[in-house]
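Written out below as structure tokens is the structure these notes cover.
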2 protein chains.
Amino acid sequence: MSDMNVTIYDIAKKCHVSIATVSRVLNGNSRVSEKTRRIVLDAIKDMGYTPNPFARGLGLDSMKIVGVLCTSLTDAFFARAVSLIEDGMRQHHFDIMLSCTGPNTGHNSPYITGLVNKHVDGLITVGTVFSSEPDIAALTAAAGKIPVLTINCDYHQPGIYSIVCNEAEGMRRLVHTLARQHCRHIAYLYDVRTYSGRHKLQGLRQGLKELGIKENPALIQQVSLNLEGAEKAIENLVSRNVPFDAIVTSEDILAVGAQRAALENGRYVPVIGWNNSILATCATPTLSSIDNRLDSLCASAVQSMTQLLSGQDQPVPVRTEFSAILVERESFQTKKE
Amino acid sequence: MSDMNVTIYDIAKKCHVSIATVSRVLNGNSRVSEKTRRIVLDAIKDMGYTPNPFARGLGLDSMKIVGVLCTSLTDAFFARAVSLIEDGMRQHHFDIMLSCTGPNTGHNSPYITGLVNKHVDGLITVGTVFSSEPDIAALTAAAGKIPVLTINCDYHQPGIYSIVCNEAEGMRRLVHTLARQHCRHIAYLYDVRTYSGRHKLQGLRQGLKELGIKENPALIQQVSLNLEGAEKAIENLVSRNVPFDAIVTSEDILAVGAQRAALENGRYVPVIGWNNSILATCATPTLSSIDNRLDSLCASAVQSMTQLLSGQDQPVPVRTEFSAILVERESFQTKKE
DNA sequence: TTGTACGCGTTATCAC
DNA sequence: GTGATAACGCGTACAA
């Protein structure tokens with residue numbers, strides 16, 4: 001009922017027991033007589049007592065918080081990831097401390113150390129948050145103290161658990177699928193050379209190679225991550241008379257722009273985006289997209305993290321891999337006017 | 001250089017000073033001789049000392065963390081909000097503890113108390129996270145202990161600071177603007193009766209009333225928050241021969257679906273979405289949208305929060321209001337085939 | 001089953 | 001300018 005920071009001592013005094021007993025009923029590990037347990041429990045409810053988390057943290061060296069690092073929540077993909085992680089960890093009674101680094105400048109180690117210095121219980125990174133040597137070193141150092149777990153990035157560092165989607169393989173298969181539709185001149189628009197970006201490109205080249213198709217550098221373009229970037233790139237191809245019979249992009253947003261530009265120029269080719277986000281369904285025609293299994297990645301991350309933090313050292317896989325899948329929509333079929 | 005939780009005592013010992021001196025150097029408030037300051041600072045760097053945040057928290061009753069509550073990050077609007085808040089608070093050296101409640105069930109008070117029990121320094125809510133009596137009571141209770149600040153929701157409770165966009169007025173003006181374009185049969189699709197939703201509806205009615213237009217209930221439809229919901233609603237209007245000459249929606253995603261359905265049925269009417277999100281630019285034609293000034297709202301929230309937490313009690317406005325603005329795009333002009 | 005006393009690492013308040 | 005030392009609130013050996 002009352003307020004003003006009631007402590008375990010207040011409860012103890014009111015119940016005529018020691019703080020040890022109160023602590024015992026709270027943490028329920030040791031035996032307490034049913035009678036005193038009831039008394040204490042009632043007093044706790046009466047006085048509105050809640051344990052001070054700092055004092056608790058000081059003793060246990062844990063406040064049941066895991067840090068989540070990503071570049072930006074403005075990207076729907078990362079936002080969804082954080083949302084899934086937050087929800088999952090919460091079900092295991094962990095809170096989330098969020099840290100968005102902004103564009104990966106190569107000087108993001110302060111974000112790591114910031115969280116580590118706050119003594120979070122674990123760290124989950126989403127996407128390519130770190131790429132420079134010192135940043136990765138900082139992450140490795142963090143892994144020496146607490147569980148560190150990365151989603152969609154593979155640092156190959158000791159102690160860092162990685163959970164990835166095999167996007168290279170997804171791209172390779174996509175290239176083969178397109179080839180069966182007689183598409184051999186695939187335009188590929190990508191935004192930036194992240195871990196994920198590198199692998200997509202690698203998969204593309206692998207696929208082309210297997211099919212005996214010579215890579216045309218003009219078809220592979222790095223563009224800025226917005227509609228205009230993709231539009232310009234496609235218009236550029238058209239104006240330069242570079243032939244293309246399919247478009248693949250590293251992000252759905254680029255597919256939206258690319259498809260728009262292609263249609264405006266009378267090019268009715270399949271367009272395939274990436275991430276299978278809401279944008280893919282918002283475009284007209286609706287866009288096919290590669291689903292990189294974010295839900296599975298996050299669920300796996302949550303499970304691994306909780307196991308690592310559970311104390312009981314059940315074995316946790318150092319690397320977990322999922323397969324990308326193609327989600328076909330209207331934009332997949334070759335269109336005629 | 002070394003590791004294993006070096007404490008202030010270790011630094012003190014190494015420097016042959018007391019922990020008080022080390023503390024003083026760290027917090028830089030009291031005077032310390034330049035000589036010992038250097039020695040201590042060097043030792044701190046050498047031994048890689050960082051203050052234990054729990055012990056610090058115990059003493060100061062603060063870990064410089066503010067809690068952020070929203071329903072879901074899957075909504076791009078909320079994701080952007082959280083991102084902006086996170087960035088802003090970080091610049092003031094505050095971390096963010098994130099808590100997503102999921103759909104507003106009216107039983108979300110545990111999310112408030114969870115954060116309060118972790119002794120966060122302040123609370124920011126985004127959108128209509130709480131609506132039931134007990135939930136609002138819990139929030140009010142929280143406001144008795146720490147600064148509580150709401151974005152786009154107005155609880156009218158003592159101690160709760162609200163920062164809102166006047167969406168009712170934005171809608172009212174939009175109705176007038178449409179009327180000038182000779183649109184008098186405005187279809188309005190909305191998803192749910194949040195604070196924001198109520199005010200949009202209210203603005204719509206106000207505008208119609210001022211223009212002497214009788215409200216047609218068939219034109220105002222509650223739909224589920226996805227493309228299909230909006231599409232069905234428009235198709236329904238078409239099949240029932242309900243005349244409409246403009247479409248306004250409570251969310252951009254609904255505008256995307258509505259526009260698509262309208263175009264497929266040969267109805268070339270202005271479509272105006274809400275939130276001015278990326279979806280508005282992804283649609284074809286691009287959608288006009290009401291910008292509810294999220295950036296300003298969040299910036300204001302950050303500023304108010306930091307002022308409230310700064311200790312110096314500068315006056316902070318209990319209510320801050322911004323005006324919505326119409327962003328016109330292709331979908332605004334009435335189209336002909 | 002219960003109570004005592006100490007440790008956790010800081011900050012803050014005194015003295016000197 | 002600097003050094004003891006008392007909070008801060010909790011968990012938990014150890015003792016009873």
Side-chain angles (χ1 to χ4, degrees), chain A residues 2-41 43-44 47-65 93 116-121 145 311, chain B residues 2-41 43-44 47-65 93 116-121 145 311:
Chain A
S2 87
D3 243 59
M4 204 47 223
N5 276 0
V6 27
T7 76
I8 198 171
Y9 288 97
D10 301 327
I11 302 295
K13 191 169 293 175
K14 175 164 182 178
C15 300
H16 306 292
V17 296
S18 73
I19 62 163
T21 302
V22 179
S23 181
R24 278 188 276 261
V25 292
L26 249 73
N27 303 319
N29 40 9
S30 191
R31 303 190 181 292
V32 182
S33 83
E34 192 52 39
K35 183 179 167 188
T36 56
R37 152 178 251 93
R38 288 235 59 83
I39 297 177
V40 170
L41 245 29
I44 286 175
M47 308 184 69
Y49 166 73
T50 57
N52 182 304
F54 303 141
R56 194 171 194 143
L58 189 55
L60 302 176
D61 195 30
S62 159
M63 262 184 67
K64 303 213 78 170
I65 299 175
H93 308 292
V116 171
N117 287 345
K118 289 246 171 176
H119 284 213
V120 293
D121 293 5
K145 304 184 180 178
Chain B
S2 86
D3 243 60
M4 205 46 222
N5 276 359
V6 25
T7 77
I8 199 170
Y9 287 98
D10 300 328
I11 302 295
K13 191 169 295 176
K14 175 162 183 180
C15 299
H16 305 293
V17 295
S18 73
I19 60 165
T21 301
V22 178
S23 182
R24 277 189 277 261
V25 172
L26 250 72
N27 303 318
N29 40 8
S30 191
R31 303 192 182 295
V32 182
S33 82
E34 194 50 40
K35 184 180 168 189
T36 56
R37 151 178 250 93
R38 287 236 61 82
I39 297 177
V40 170
L41 245 29
I44 286 174
M47 307 183 72
Y49 164 72
T50 58
N52 182 304
F54 303 141
R56 194 170 196 147
L58 190 55
L60 302 177
D61 194 31
S62 160
M63 261 183 68
K64 303 213 75 169
I65 299 175
H93 309 292
V116 171
N117 287 345
K118 290 246 171 176
H119 284 214
V120 293
D121 293 8
K145 304 184 181 176

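The shown structure was predicted, so the numbers you read here are calculated from the model rather than taken from an experiment. By convention in this document, chain letters (A, B, ...) are assigned in the order of the sequence lines, proteins followed by strands, and residues within each chain are numbered from 1. What you see below is based on every heavy atom in this structure, not just the backbone, and it leaves out hydrogens, waters and symmetry mates.
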Legend entry - Sequence-aligned protein contact record of nucleotides 4-13 of chain C, with B where the base is within under 4.0 Å of a protein heavy atom and S where only the sugar-phosphate is: BB--BBBBB-
Inset, instruction - Kindly give the heavy-atom pair with the smallest separation between I8(A) and I19(A), and that separation in Å. - result: CD1-O, 3.6 Å
Legend entry - Residue of the set R37(B), K35(B), R31(B) for which side-chain contact (heavy atoms from CB on, under 4.5 Å) holds with S33(B): K35(B)
Inset, instruction - Ignoring backbone atoms, test whether T36(A) places a side-chain nitrogen or oxygen under 4.0 Å from the OP1 or OP2 oxygen of dT2(C). - result: yes
Inset, instruction - For residues N27(B) and R56(B), determine if any side-chain heavy atom of one lies less than 4.5 Å from a side-chain heavy atom of the other. - result: yes
Legend entry - Non-hydrogen atoms of C15(A) and V40(A) that approach each other most closely: SG-CA, 3.8 Å
Legend entry - Side-chain heavy atoms of V17(B) within contact of V22(B), under 4.5 Å: yes
Inset, instruction - Mind listing the closest non-hydrogen atom pair of H119(B) and P53(A) along with its distance? - result: CD2-CD, 3.7 Å
Inset, instruction - Classify the nucleic acid contact of H16(A) as base, sugar-phosphate or nothing, counting any heavy atom under 4.0 Å across all strands shown. - result: sugar-phosphate
Inset, instruction - Could you check if a side-chain atom of K118(B) sits within less than 4.5 angstrom of a side-chain atom of I65(B), using non-hydrogen atoms only? - result: no
Inset, instruction - Determine the sole option in I11(B), V32(B), I39(B) for which the side-chain contact (heavy atoms from CB on, under 4.5 Å) test with T21(B) is passed. - result: V32(B)
Inset, instruction - Give the first and the last nucleotide of DNA chain D, reading 5' to 3', that has any atom under 4.0 Å from a heavy atom of chain A. - result: dG9(D) to dT12(D)
